[in-house]
K.L.:
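The structure is given below, and queries will be raised subsequently.
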2 protein chains.
Amino acid sequence: MSIQAVARQAGVSVATVSRAFNQPDQVAPATRRQIEQAAQALGYLPNASARTLRTQRSRVLGVVLPTLVNPVFAECLQGMAEAAAQAGHALMPLTTDYEVAREEQAVNHLLAANVAGLVLVVANPSQSGALRRLQARALPYVLAYHQHPEHPCVGVDGEQAVADLVARLVAQGHRHITMVSGQRSASDRAEQRCRGYQRGMAAAGLPAEPVLEVPFMAQALQDIVARLRRAPVPTALLASNDLLALRCLRAAHLAGRAVPTQLSVVGFDGIALGADLTPMLSTITQPNADLGQQSIALLLQALADGQALGPSASRTLAHGFRQGESCAPPRTATA
Amino acid sequence: MSIQAVARQAGVSVATVSRAFNQPDQVAPATRRQIEQAAQALGYLPNASARTLRTQRSRVLGVVLPTLVNPVFAECLQGMAEAAAQAGHALMPLTTDYEVAREEQAVNHLLAANVAGLVLVVANPSQSGALRRLQARALPYVLAYHQHPEHPCVGVDGEQAVADLVARLVAQGHRHITMVSGQRSASDRAEQRCRGYQRGMAAAGLPAEPVLEVPFMAQALQDIVARLRRAPVPTALLASNDLLALRCLRAAHLAGRAVPTQLSVVGFDGIALGADLTPMLSTITQPNADLGQQSIALLLQALADGQALGPSASRTLAHGFRQGESCAPPRTATA
DNA sequence: CTGTTAGCGCGTTCAC
DNA sequence: GTGAACGCGCTAACAG
């Protein structure tokens with residue numbers, strides 16, 4: 001079922017069939033209809049591999065993500081998928097499970113697959129061999145959820161977002177705000193958010209407590225419960241992501257502290273699921289699907305222009321705040 | 001950066017380079033090391049498109065899913081991704097957003113991309129044009145989350161699972177159990193689960209109430225609240241999926257009914273997130289990642305055997321029950 | 001064990 | 001406006 005069959009069926013040459021698909025205006029209308037009809041009848045689908053081999057440009061975009069189990073990235077991928085599909089492109093997503101070694105492996109895979117460009121969410125752009133390789137190849141790529149002066153990025157200002165949030169909590173009367181984060185060194189974004197906490201506390205004239213780092217999700221719950229039982233007792237927990245915020249809610253329950261009356265919990269990410277919880281999760285919202293869409297849009301634009309992207313193409317998307325129900329003024333402030 | 005460059009660099013022919021990669025044992029160890037070294041030095045990566053074009057068999061598997069926003073499918077895709085990656089295959093996932101028309105479109109896309117096989121989650125296998133096309137092409141495919149006599153499937157027995165669950169609820173003392181489902185006609189699986197409810201109630205000698213169908217997620221909450229305020233008042237809500245169960249929990253809250261003391265809520269799916277909620281979601285668990293893994297395993301086996309799969313290859317995976325905290329005996333039973 | 005060669009299906013010159 | 005022919009990078013015969 002190749003272009004040859006269509007050509008034979010339509011009584012023209014393969015070249016004309018090719019043109020009919022790729023430069024329709026260069027083919028006489030009558031001939032074109034003949035060809036379209038023949039293609040239809042034979043159920044002809046142009047062979048993507050041959051086309052890619054010939055043009056050296058595929059219609060597949062590579063995606064490198066930490067995981068799909070975190071809805072943040074699933075939502076983002078969904079956004080990418082829509083944008084890509086609309087433009088007639090397919091996606092090839094690979095996950096790294098937060099392991100740096102697998103980032104490079106994934107990029108190799110995608111390079112071999114002749115992807116036209118890539119969207120990546122990595123641990124740390126500054127020390128990524130994978131990115132260096134991409135730059136060397138002049139293959140267009142975009143970093144999602146990052147902000148970095150040397151790369152084209154589509155992200156949000158996590159530091160500002162957290163600093164704003166701290167200000168909001170302080171305005172509500174909170175004085176003892178504890179930040180709960182995954183391993184800071186493991187991720188760019190975690191570090192950025194922790195900096196926002198420190199800046200926010202400093203701006204409010206409050207002493208920043210040490211960040212509670214919970215390197216392993218499996219043990220996060222116990223770590224948080226332990227923290228809640230230790231002085232100084234926080235009136236608010238600020239989780240560096242929504243999955244961690246869920247653990248905070250549960251830890252509060254186990255520690256016997258009602259949310260939000262006895263303890264406020266706020267997250268970061270804005271996963272859609274959070275809005276369906278009870279209490280509805282208060283969280284900094286990122287436009288996850290948009291992040292994906294815009295990343296793809298940037299990539300497609302670069303492909304159209306025939307240029308790799310530079311850092312100047314970066315976009316910072318607006319974050320928001322979902323009020324939710326897990327955050328309220330502390331009791332001491334209202335009493 | 002082609003195989004030619006490597007051949008030149010290593011001082012051998014292209015055929016030998018090709019062999020060194022694909023049938024290493026047919027090449028002399030010394031030559032092989034030469035080639036590996038040359039490839040390494042040049043950063044050579046075999047061109048997948050050329051390989052696919054030549055062998056007529058790609059290392060990409062197509063995946064058709066309703067959505068990634070539902071963690072069930074994100075978890076499943078993650079399982080597929082791991083299994084595929086381990087075998088050196090990549091995935092090309094397309095989402096349909098539950099629209100049947102997009103199923104066919106997705107399959108066309110994947111066929112054109114020369115995928116070696118497909119995993120699909122569709123609305124209804126019996127009336128799927130996409131499936132018929134696949135069968136005609138003798139391209140291996142597997143249906144995930146389905147059970148169907150005419151197709152190779154990897155699924156769970158949803159009907160049995162729900163019937164068992166009803167029995168469990170009845171044993172706890174529940175008599176008024178209301179099933180909450182999405183649009184039954186929109187999905188195979190919803191219908192299967194509703195049948196399980198009816199069978200379970202019948203087996204318990206209880207009258208099955210009409211299923212509360214909530215066609216639109218956006219309005220589900222209001223519909224459920226309304227139901228909770230209408231007689232006969234249920235002591236347990238059985239949601240046909242976990243996302244709906246979350247709405248049930250919230251509806252209970254809005255209707256002023258404490259969970260689980262005044263109302264039990266159980267879900268279906270076993271999304272990982274459910275275990276981190278407070279109250280922890282009681283639910284029928286499906287091995288979502290396994291479903292994905294096994295679907296891929298089946299596909300890879302078919303590819304190895306050079307055969308399309310028949311219905312007899314189907315597997316039914318065991319479901320489970322997560323006790324959680326959203327389900328307990330009704331008050332009337334303990335009083 | 002290694003080299004030569006012929007296409008896989010397509011887009012793109014260059015003639016006509 | 002259309003056709004003939006080349007080559008993208010690779011693998012699979014077939015020779016040697």
Side-chain angles (χ1 to χ4, degrees), chain A residues 1-36 38-39 42-60 88 108-116 137 139 303 306, chain B residues 1-36 38-39 42-60 88 110-116 137 139 303 306:
Chain A
M1 242 315 333
S2 75
I3 202 174
Q4 304 238 18
V6 180
R8 207 176 312 122
Q9 171 92 7
V12 296
S13 76
V14 292
T16 305
V17 177
S18 177
R19 281 193 210 95
F21 278 86
N22 302 309
Q23 298 128 17
D25 32 313
Q26 289 189 29
V27 174
T31 318
R32 199 164 57 210
R33 267 189 300 106
Q34 291 269 341
I35 293 172
E36 279 163 4
L42 271 57
Y44 169 71
L45 297 172
N47 183 309
S49 301
R51 175 179 279 172
T52 297
L53 182 59
R54 178 63 179 96
T55 61
Q56 305 285 32
R57 227 196 90 189
S58 80
R59 289 188 154 265
V60 178
N108 278 349
H109 226 100
L110 295 171
L111 288 177
N114 288 318
V115 295
R137 297 227 178 190
L139 194 68
L303 291 173
Chain B
M1 242 312 334
S2 74
I3 201 174
Q4 303 237 20
V6 179
R8 208 176 311 122
Q9 171 91 6
V12 297
S13 75
V14 291
T16 306
V17 177
S18 177
R19 280 193 213 97
F21 279 86
N22 301 308
Q23 298 128 17
D25 33 313
Q26 288 189 31
V27 175
T31 318
R32 199 166 56 210
R33 268 189 299 103
Q34 293 266 343
I35 293 172
E36 278 163 5
L42 272 55
Y44 168 72
L45 297 172
N47 184 309
S49 301
R51 176 179 279 172
T52 297
L53 181 58
R54 172 61 220 206
T55 61
Q56 304 285 38
R57 224 197 93 189
S58 81
R59 289 188 156 266
V60 178
L110 295 171
L111 288 177
N114 288 319
V115 295
R137 295 226 179 192
L139 194 68
L303 291 173

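Worth knowing before you read on, the calculation uses all heavy atoms, side chains too, and leaves out hydrogens, waters and symmetry mates. Chain letters run A, B, ... following the sequence lines, proteins first, then strands; residues in each count from 1. None of the values given here were measured: they were computed from a predicted structure.
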K.L.:
Any side-chain N or O of B:Ser18 below 4.0 angstrom from OP1/OP2 of D:dT11?
P.N.:
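Yes, because at least one side-chain N or O of B:Ser18 sits under 4.0 Å from OP1 or OP2 of D:dT11.
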K.L.:
Quickly work out the A:Phe21 CZ to C:dG11 P distance and round it to whole Å.
P.N.:
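Result: 9 Å.
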K.L.:
For residues 6-14 of chain A, which residues have at least one heavy atom under 4.0 Å from DNA chain C?
P.N.:
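Heavy-atom cutoff 4.0 Å gives no residues at all.
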K.L.:
Could one point to a donor on the side chain of A:Arg57 or the base of C:dG11 with an acceptor on the other under 3.5 Å away?
P.N.:
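Result: no qualifying N/O pair found.
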K.L.:
Distance check needed: D:dG7 C1' versus A:Leu53 CG, whole Å only.
P.N.:
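My rounded result for the distance is 9 Å.
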K.L.:
Show your reasoning for whether side chain to side chain contact (heavy atoms under 4.5 Å, CB included) applies to B:Ile35 and B:Val6.
P.N.:
CA-CA 7 Å; B:Ile35 293 172; B:Val6 179; 4.2 Å; yes
K.L.:
With a non-hydrogen cut-off below 4.0 angstrom, is B:Ala28 in contact with a base, only sugar-phosphate, or nothing?
P.N.:
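Sugar-phosphate, backbone atoms only, no base.
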K.L.:
Rounded to whole angstrom units, what separation is found between the CD atom of A:Gln4 and the P atom of D:dG3?
P.N.:
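It works out to 13 Å between those atoms.
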K.L.:
If you only use heavy atoms from C-beta on, which nucleotide in C:dT2, D:dG9, C:dC10 is closest to the side chain of B:Arg54?
P.N.:
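Nucleotide nearest to B:Arg54's side chain: D:dG9.
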K.L.:
Describe the nucleic acid contact of A:Thr31 in one word from base, sugar-phosphate, nothing, applying a heavy-atom distance below 4.0 Å.
P.N.:
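Sugar-phosphate, backbone atoms only, no base.
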K.L.:
Starting at the 5' end of DNA chain C and moving along, which residue's nearest nucleotide shows up first, B:Ala50 or B:Pro29?
P.N.:
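Per heavy-atom nearest nucleotide, the more 5' residue is B:Pro29.
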K.L.:
Can you tell me the distance, in whole Å, between the CG atom of A:Leu111 and the P atom of D:dG9?
P.N.:
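It works out to 15 Å between those atoms.
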K.L.:
Rounded to the nearest angstrom, tell me the gap between atom CD in A:Gln26 and atom C1' in C:dA15.
P.N.:
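In whole Å, C:dA15 C1' lies 15 Å from A:Gln26 CD.
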K.L.:
Using whole Å, report how far CZ of A:Arg19 lies from P of D:dA4.
P.N.:
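Computing the A:Arg19:CZ to D:dA4:P distance gives 11 Å.
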K.L.:
Grab the CD1-P distance between A:Ile35 and C:dG11 for me, whole Å please.
P.N.:
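The answer, rounded to whole Å, is 12 Å.
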K.L.:
How close or far is atom C1' of C:dC8 from atom CD of B:Gln56, stated in whole angstroms?
P.N.:
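Distance, rounded to whole Å: 5 Å.
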K.L.:
For the helix from C:dC1-D:dG16 to C:dC16-D:dG1, how many degrees between its two end axes (five pairs per end), to the nearest 10°?
P.N.:
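That helix has its two terminal axes inclined by roughly 40°.
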